[in-house]
Amino acid sequence: MEATIRIERYADQGRCVGHIDGRVVFVRFALPGELVRVELDEPHDREERFWTGEVVEVLEASEDRAEPIWPLAGPLAMGGGVGGADLVHVSLAGQLKWKTCSIVEQMLRLGHTAVEVPIDRMPQDEAERGLHWRTRIEMIADADGRPSMRRRGTHVRVPIDTMPLASRALLDVAEREHVWDGGFTPGSQIRLSVPEPRDGAAVEENYAVLVDGEVTAGTRALTEKVTVAGRDFEYGVDAGGFWQMHRQAPIALTNHVIDLVRGELNGAQSACVWDLYSGSGLFTLPLASLAAERTRMLSVEGGKTAVRNAQRNLRHVHLDNVDVRAGDVAKTLVNVRNDLARPDVVVLDPPRAGARAKVCGQIANSEARSVIYIACNPASLARDTATLAGLGYELADIHAFDIYPTTHHVETVCLLSHQKVQHVYVPFEPKARNMRGLERTTYKEIREWIEREKGLKVSQLYIAQVKAEYGLIERENYNKSKKGDEQKVPTCPPEKHDAIVEAFRHFKMIDDAADMPKA
């Protein structure tokens with residue numbers, strides 16, 4: 001089924017929003033203000049209050065529209081559909097506008113803060129037209145053993161003989177190792193990791209081709225080089241592990257973070273710093289070396305391989321002022337040795353789900369003066385910023401970095417400073433709250449509102465989990481497995497968590513700002 005739609009605004013996941021007879025439609029490859037013809041995804045006659053679809057023809061184009069620079073990642077109707085570049089139809093200037101709007105809207109909607117967000121494009125990205133930035137790529141071998149990508153909405157594997165988003169150094173390695181010639185076992189996972197050569201150096205053997213996690217060419221132990229405040233740092237990283245993907249991202253982010261930390265320390269001779277979700281030590285090494293003349297540090301990371309690499313990286317430059325911990329951040333922060341228990345600055349770079357209320361509470365309890373939050377998900381950042389605001393922190397600076405060109409993803413760095421306030425104890429009495437919404441709103445009403453307004457389906461379990469997080473009355477068994485204590489209970493995804501919180505506010509179950517999650 002096709003329909004003509006006027007596109008209204010940006011939405012999530014690189015989509016935009018329009019309406020058909022009052023029904024929400026999330027549209028891929030569209031832009032606000034455009035008049036487009038859309039092919040609706042099947043089944044288009046279902047009862048849900050939202051539909052999804054994809055542009056098949058642009059009748060009135062936005063000034064931000066561009067011809068897809070990588071057609072294979074464009075709309076299905078135009079021979080595309082492989083994914084990986086959901087803003088391939090948007091000009092570089094339009095992409096910055098889209099990402100800035102996304103951050104601003106999330107900070108206002110979930111963070112209750114109006115902000116203006118400067119955004120930086122990475123060096124050479126404009127000259128490369130938004131291509132050739134990824135230092136890591138992943139593919140799957142098709143039935144003939146060739147590298148391929150899945151066509152959206154199907155099980156079809158589309159063979160590829162290049163990857164336009166890959167860095168030029170990575171493409172050179174792919175040619176050298178005959179990756180595009182195929183010969184892989186059908187269904188095998190193919191990964192290439194190639195650190196960006198600095199100062200015109202050659203790649204040599206500093207790369208890896210992995211098939212199903214095993215190195216078939218190059219080496220698993222890779223070396224990344226980053227210059228921070230005029231000083232060169234080397235990092236040993238695992239070829240299959242996490243590292244900032246854009247070839248210039250490690251340089252841009254570390255320099256910005258160091259500038260913020262130094263500004264907050266204001267020339268102090270000694271400092272205590274926490275680096276949470278610290279990976280292989282991207283921020284840890286420059287913080288331990290450059291933050292102050294005498295720096296004490298705690299770094300916490302859940303990945304054991306990354307922690308081992310961080311320890312080796314610190315030993316390599318003879319740094320012994322960092323207590324490196326492997327484990328869950330919230331659990332680790334329960335027991336911190338006395339000389340590290342009161343940080344001056346906390347730096348955290350959590351996964352897409354964010355730090356969540358418990359870790360935010362632990363940061364506040366540490367009485368850290370400043371918090372520097374690096375985020376790849378504006379929604380999680382906004383939610384955690386609101387939590388920290390309720391704990392006495394104020395947003396002092398926000399800056400975005402376009403380190404994922406041609407995609408909707410964006411990196412944001414926030415500085416929050418603690419505001420000295422006088423705490424007054426007020427006994428909590430449930431009857432003193434506005435309980436009207438809580439008493440009268442049913443799970444069915446919440447689910448229907450979220451599906452109608454957000455285009456998401458949420459379970460009663462997820463609603464119960466968020467109720468518990470906000471201290472609302474809840475039957476105990478909703479958050480427990482019915483299969484025994486060993487059974488893992490699903491955790492509400494961030495996007496659905498945020499939608500449930502909005503529903504609570506809509507139904508007056510919580511106040512706009514006063515009811516923050518319990519730390």
Side-chain angles (χ1 to χ4, degrees), residues 132-140 147 163 165-179 184-185 188-228 231-254 275 277-289 297 299-327 349 351 403:
H132 303 306
W133 54 270
R134 293 184 65 128
T135 61
R136 275 81 174 157
I137 64 170
E138 294 183 352
M139 303 166 288
I140 189 169
M163 162 52 77
L165 300 187
S167 70
R168 294 190 182 277
L170 190 151
L171 292 176
D172 288 345
V173 167
E175 290 291 340
R176 183 199 311 178
E177 296 297 336
H178 305 287
V179 169
F184 300 98
T185 301
S188 58
Q189 300 288 330
I190 307 161
R191 176 184 173 99
L192 276 75
S193 299
V194 184
E196 182 70 5
R198 305 297 179 190
D199 301 322
V203 171
E204 295 181 344
E205 299 304 310
N206 190 32
Y207 69 91
V209 178
L210 299 95
V211 179
D212 290 334
E214 299 298 323
V215 176
T216 60
T219 177
R220 180 172 290 278
L222 303 178
T223 301
E224 292 279 358
K225 296 182 179 181
V226 180
T227 300
V228 185
R231 181 166 171 178
D232 295 332
F233 292 90
E234 284 195 3
Y235 301 83
V237 300
D238 185 80
F242 174 80
W243 183 257
Q244 286 290 347
M245 205 175 303
H246 193 292
R247 50 190 163 67
Q248 296 294 340
I251 296 173
L253 295 175
T254 49
D275 184 11
Y277 312 94
S278 53
S280 298
L282 174 61
F283 300 112
T284 311
L285 266 68
L287 286 170
S289 305
M297 281 194 67
S299 78
V300 186
E301 165 60 36
K304 293 181 179 179
T305 300
V307 169
R308 286 194 294 269
N309 283 327
Q311 291 169 330
R312 280 193 290 266
N313 294 334
L314 290 163
R315 285 196 300 268
H316 182 69
V317 290
H318 310 293
L319 287 172
D320 59 3
N321 57 337
V322 184
D323 182 3
V324 182
R325 303 284 190 90
D349 185 8
I403 60 174

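Below, all heavy atoms of this structure are taken into account, side chains as well, without hydrogens, waters or symmetry copies.
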Side chain to side chain contact (heavy atoms under 4.5 Å, CB included) between I137 and L165, worked out: CA-CA 9 Å; I137 64 170; L165 300 187; over 6 Å; no
Side chain to side chain contact (heavy atoms under 4.5 Å, CB included) between Y207 and L170, worked out: CA-CA 8 Å; Y207 69 91; L170 190 151; over 6 Å; no
Test log, rule side chain to side chain contact (heavy atoms under 4.5 Å, CB included), inputs R198 and I251: CA-CA 11 Å; R198 305 297 179 190; I251 296 173; 3.7 Å; yes
Worked check of side chain to side chain contact (heavy atoms under 4.5 Å, CB included) between M139 and L192: CA-CA 9 Å; M139 303 166 288; L192 276 75; 4.1 Å; yes
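When side chains are defined from C-beta on, T284 counts as touching M297, because their heavy atoms get closer than 4.5 Å. Contact of the W133 side chain with the I403 side chain is not registered, since no non-hydrogen atoms from C-beta on lie closer than 4.5 Å. Put simply, the side chain of S289 reaches to within 4.5 Å of the side chain of F233, judged on heavy atoms. Between F283 and S278, the closest side-chain pair of non-hydrogen atoms is not below 4.5 Å.
In terms of modelled atom types and a separation under 3.5 Å, the side chain of H132 and the main chain of A166 share a donor-acceptor contact. Put simply, the side chain of N206 gets close to the backbone of T223: a donor and an acceptor are under 3.5 Å apart. With hydrogens and angles disregarded, a donor-acceptor distance shorter than 3.5 Å links the side chain of N321 to the backbone of A288. A donor-acceptor contact shorter than 3.5 Å links the side chain of N313 to the backbone of G236. Side chain of D212 to backbone of Q189: a donor-acceptor contact under 3.5 angstrom is found.
To the nearest 0.5 Å, atom CG of residue D349 and atom CD of residue Q244 are 6.5 Å apart. From E138, atom CD reaches atom CG of L210 across 9.0 Å, with rounding to the nearest 0.5 Å. For the atom pair CD (E196) and CD (Q248), the distance works out to 6.5 Å, reported to the nearest 0.5 Å. L285 contributes atom CG, which lies 5.0 Å from atom OH of Y235 (distance to the nearest 0.5 angstrom).
Here E175 pairs with W180 under the side-chain contact (heavy atoms from CB on, under 4.5 Å) rule; sequence neighbours left out.
Taking all atoms of both residues into account, the shortest heavy-atom contact from S299 to V322 is OG-CG1, 4.0 Å.
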